[in-house]
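Quick notes on the structure that follows.
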Amino acid sequence: MTDSLPAPRISDLARSRGPGGVAHDVPDYLSGLNPEQREAVETTEGPVLVLAGAGTGKTRVLTTRLAHILATGRARPWELLVVTFTNKAAREMRERITHLIGPSAEGLRWLGTFHSVAAQILRRHAELVGLKSTFTILDTDDQERLLKQLLEAANIDTKRWTPKSLAGLIDHWKNRGWTPEKLPSGEDFANGKGQTLYAAYQSRLATLNACDFGDLLLHNLTILSKHADIAEEYRRRFRYILVDEYQDTNVAQYLWLRLLTSSTGNVCCVGDDDQSIYGWRGAEVDNILRFEKDFPGAKIVKLERNYRSTSHILGAASGLIAANRDRLGKTLWTEDQSGDKVRVRGVWDGEAESRLIADEIETARRSGMNYKDMAVLVRASFQMRAFEERFVLLAIPYVVIGGPRFFERAEIRDAHAYLRLIQSEDDDLAFERIVNVPKRGIGDTSVQKILQIARHNGVSAMAAVRDLITSDELQARTRTALSTFVRDLDRWRALAADTRHWLLTETVLEESGYTDMQKADRATGPARLDNLKELTQAMQSFETLGTYLEHVSLVMDMDRGPASDAVQIMTLHGAKGLEFPLVFLPGWEEGVFPSQRSIDEKGEKGLEEERRLAYVGVTRAKQDARISFVANRLVYGRWTSQLPSRFVDELPIAHVEAESDTGYYGASAGMKEAKNRWDDAPSFGAGYTSPGWQRAQAVTASRAPAARPARNTVIEGEGRLVATADPKTGAGFKKGQRVFHQKFGYGSVRVIEGNKLTVTFDKAGEKKVIDTFVEKAD
DNA sequence: GTTGCTTACCTTTTT
DNA sequence: GGTAAGCAAC
């Protein structure tokens with residue numbers, strides 16, 4: 001196994017390059033670093049906080065530090081815990097370390113995202129929190145459907161109290177490390193039902209042998225805090241801990257780290273408080289701001305020398321971020337004095353904006369720049385479409401990074417549901433998803449009946465189905481459909497044993513009629529079939545179906561093929577950690593960026609986060625950053641006047657070159673009104689309504705609950721949360737017992753086999769029924 | 001049980 | 001303006 005790998009080969013590498021490598025004791029890999037970077041790499045013992053500004057070589061420091069620890073024999077690969085936030089970051093880190101130290105990087109078993117490492121740990125100790133080690137990880141869709149069931153069972157109006165909002169709330173609670181028992185008072189949902197619903201949800205998850213994303217960490221916290229021996233084992237194992245993007249850790253992740261770090265811990269956190277942009281996901285900038293208090297004697301290293309951008313870009317970004325109050329403060333500098341000022345353009349509307357950017361892309365292209373060196377970074381994905389349309393029109397190649405996530409597409413989830421059900425018959429959510437996809441004539445009523453039986457008997461839906469098809473509860477047609485379904489599944493399961501999983505997938509899609517169903521859909525079918533093809537292709541790089549499914553549940557993202565020469569379109573969040581020679585930053589308008597919602601929900605804190613996002617955006621640029629805003633935008637199909645973003649005003653004029661042609665467009669079309677400042681343009685103030693439209697919506701929404709009280713405010717007892725069978729029914733039937741059945745009427749019991757009764761009905765004749773569907777009659 | 005129409009909601013951002 | 005869920009009609 002990994003433990004028997006040869007010693008790290010970095011020593012070879014250290015000697016291999018350059019004549020200077022032998023002259024000093026300084027290994028080759030350290031020689032290219034500046035003094036601060038060296039310090040960050042060589043301070044291996046004790047807590048270290050590396051404040052790495054944008055473009056200061058953070059990843060290089062991180063990977064070199066790891067290589068250094070390994071090369072100097074301080075630890076072996078499997079004794080390092082390395083956590084990142086995104087899969088992309090984890091992947092990149094692994095690649096770069098492999099490049100530095102060779103194949104022994106494979107021994108880095110504990111390198112991954114918080115969630116994937118937590119999942120690994122949880123699999124080993126699942127039984128301590130009432131799960132089996134084979135637990136499945138639910139995605140948001142599964143989660144919301146489950147919550148919807150719970151809400152409905154509790155008679156809560158799911159329009160007013162949406163499953164989505166409850167999911168968000170529960171996630172928020174989990175991010176803070178709150179189990180249902182530890183939920184502080186004041187945290188609530190649906191008038192006092194919050195905690196009960198949360199508890200009910202957790203117990204449903206346990207029944208399903210499943211957990212959600214938040215649970216991965218929350219269960220870890222439970223295990224590590226309740227079992228001192230286990231925590232101690234991990235503390236001994238992880239001799240060095242490295243955390244990337246520390247500014248984005250939430251409370252749960254923070255607590256998790258603390259549990260895994262001993263008092264003398266060699267923990268190194270790297271981050272940039274100015275780039276904290278995940279507050280909405282529970283990130284606490286405070287974690288990084290109070291590092292010194294948490295780890296007394298911690299060494300703080302600031303990386304301020306920027307190697308990425310020109311001084312104008314850095315100047316613009318620094319001026320912008322200076323408006324934030326909550327920061328540790330650092331000053332980026334560069335020796336690169338070349339380059340143009342940041343260009344700011346105000347144009348008439350969204351179409352003009354996409355035209356402008358497309359034109360500039362073509363100009364840049366003509367001057368020899370590759371498409372892939374240009375990026376359009378937007379605040380929210382709805383902004384992407386305008387650019388896509390324009391680019392298609394002009395045949396500018398582009399790729400949308402992020403966008404609708406591959407694994408969230410309906411057809412991919414359907415395929416997964418089939419596979420999950422083949423792999424584990426207990427997967428009720430998978431069952432629900434595909435029993436009737438493609439249509440088999442198993443409607444909602446039947447499905448509900450199946451689920452009811454399953455829940456009542458404490459078995460899986462599939463088990464209930466197997467039961468039901470030998471009874472007369474369901475219509476003959478439904479029964480036939482279900483038997484076919486069961487037979488198919490059994491056949492595929494048998495097939496799975498000796499078939500490669502991607503071939504199995506193809507067979508299943510074919511034989512289930514799924515492919516035919518898509519073929520029948522002329523509109524979306526072809527694209528979906530393409531996606532499925534892509535899916536089976538991607539599956540081939542995994543050993544087994546199991547490893548594949550584990551991977552997709554954690555990595556909701558897929559490695560696409562090698563980057564082609566195309567303009568990259570992505571959100572600002574998605575752009576973090578990347579860099580491009582030429583960056584376009586459209587949509588800098590109040591309400592769009594900063595997003596109104598962010599301000600409404602989190603006030604000044606929200607605004608500061610938006611500003612950090614702007615900072616992230618500008619600092620992605622190496623040579624040129626081009627910001628733009630429009631005077632009019634089509635929102636929800638409605639024209640709205642826009643005001644330039646306050647961030648535009650905050651850019652220091654010394655580093656900006658601005659021009660707006662929106663001024664008198666209406667009066668004299670095409671006339672350009674060049675000026676240095678644009679906020680005095682009379683036309684902006686004139687018909688200014690935005691962001692009123694959004695605010696008005698928010699107000700209506702938040703008032704609605706008070707004005708219209710829920711119909712079902714009183715819900716008796718907690719037990720009502722989960723549907724229970726009618727109390728009049730139950731086991732204990734005797735031969736000859738008179739019974740009543742909703743559909744078949746009165747009759748008497750003739751045979752009893754487990755939960756199945758053969759009843760001779762007075763009118764309907766002899767039928768096999770499930771005991772929960774009959775009542776005793778006198 | 002399925003099809004086709006109407007309506008409500010939507011637009012943050014991701015593991 | 002687009003989409004997904006919900007509802008009435010087949």
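What you are looking at is a predicted structure, and each value in this text was computed from that prediction instead of being measured. Proteins come first, then strands; the chains are lettered A, B, ... in the order of their sequence lines, and each starts at number 1.
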With centres under 5.5 Å and planes under 30° as the test, does A:Trp280 stack with B:dT13?
-> yes
For the pair made of NZ in A:Lys605 and P in B:dT13, what is the distance, rounded to whole Å?
-> 23 Å
When you check the phosphate oxygens OP1 and OP2 of B:dT11, does a side-chain N or O of A:Ser595 lie under 4.0 Å from one of them?
-> no
Pick the P atom in C:dA4 and in B:dT13, then give their distance to the nearest Å.
-> 15 Å
Please report the closest heavy-atom contact between A:Arg440 and A:Ala481, naming both atoms and the distance.
-> O-CB, 3.2 Å
Of A:Gly574 and A:Gln475, the one whose nearest nucleotide on DNA chain B sits closer to the 5' end is A:Gln475
Could you state the CG-P distance from A:Asp349 to C:dG1, rounded to the nearest angstrom?
-> 15 Å
When you compare C:dG6 with B:dT11, how far apart are their C1' atoms, in angstrom units rounded to a whole number?
-> 22 Å
Rounded distance (Å) that lies between atom C1' of B:dT2 and atom CZ of A:Arg477 | 11 Å
Could you check whether A:Thr445 gets within reach of a base, just the sugar-phosphate, or nothing at all, counting any heavy atom under 4.0 Å?
-> sugar-phosphate
Expected string for nucleotides 2-10 of chain C under the B/S/- scheme (protein heavy atoms, under 4.0 Å, primed atoms plus P, OP1, OP2 as sugar-phosphate) is S---S----
Say whether, by atom type as modelled, one donor and one acceptor occur between the side chain of A:Arg420 and the main chain of A:Leu549 under 3.5 angstrom.
-> no
A:Arg123, CZ atom: more than 12 neighbouring heavy atoms under 6.0 Å = yes
Does A:Arg124 CZ have over 12 foreign heavy atoms under 6.0 Å away?
-> yes
Would you please confirm or rule out a distance under 4.0 Å between OP1 or OP2 of B:dT2 and any side-chain N or O of A:Asn436?
-> yes
Spacing of A:Glu609 atom CD relative to B:dT13 atom C1', expressed in whole Å = 9 Å
Between A:Leu146 and A:Arg204 the two heavy atoms that sit nearest each other are CD2-CB, 3.7 Å
Which whole-number value in Å describes the distance from A:Arg281 CZ to B:dT14 C1'?
-> 5 Å
Please determine if a side-chain N or O atom of A:Thr571 lies less than 4.0 Å away from the OP1 or OP2 oxygen of B:dT14.
-> yes
When rounded to whole Å, the CZ to P distance for the pair A:Arg633 and B:dT11 reads 17 Å
When you check the phosphate oxygens OP1 and OP2 of B:dT13, does a side-chain N or O of A:Ser598 lie under 4.0 Å from one of them?
-> no
Sugar-phosphate only, base, or nothing, as touched by A:Ser446 at under 4.0 Å among non-hydrogen atoms = sugar-phosphate
Hey, does A:Phe85 reach any base, or is it just sugar-phosphate, or nothing, if we go heavy atoms under 4.0 Å?
-> sugar-phosphate
Aromatic centroids of A:Tyr548 and A:His416 separated by under 6.0 Å | yes
Among side-chain atoms of A:Asp349 and A:Gln642, is any donor-acceptor pair under 3.5 angstrom?
-> no
Distance in angstrom units between A:Lys439 NZ and B:dT2 P, rounded | 6 Å
SB check A:Asp472 A:Arg479 (cutoff 4.0 Å) | yes
Just how far, in rounded Å, is C1' of C:dG1 from CD of A:Glu389?
-> 11 Å
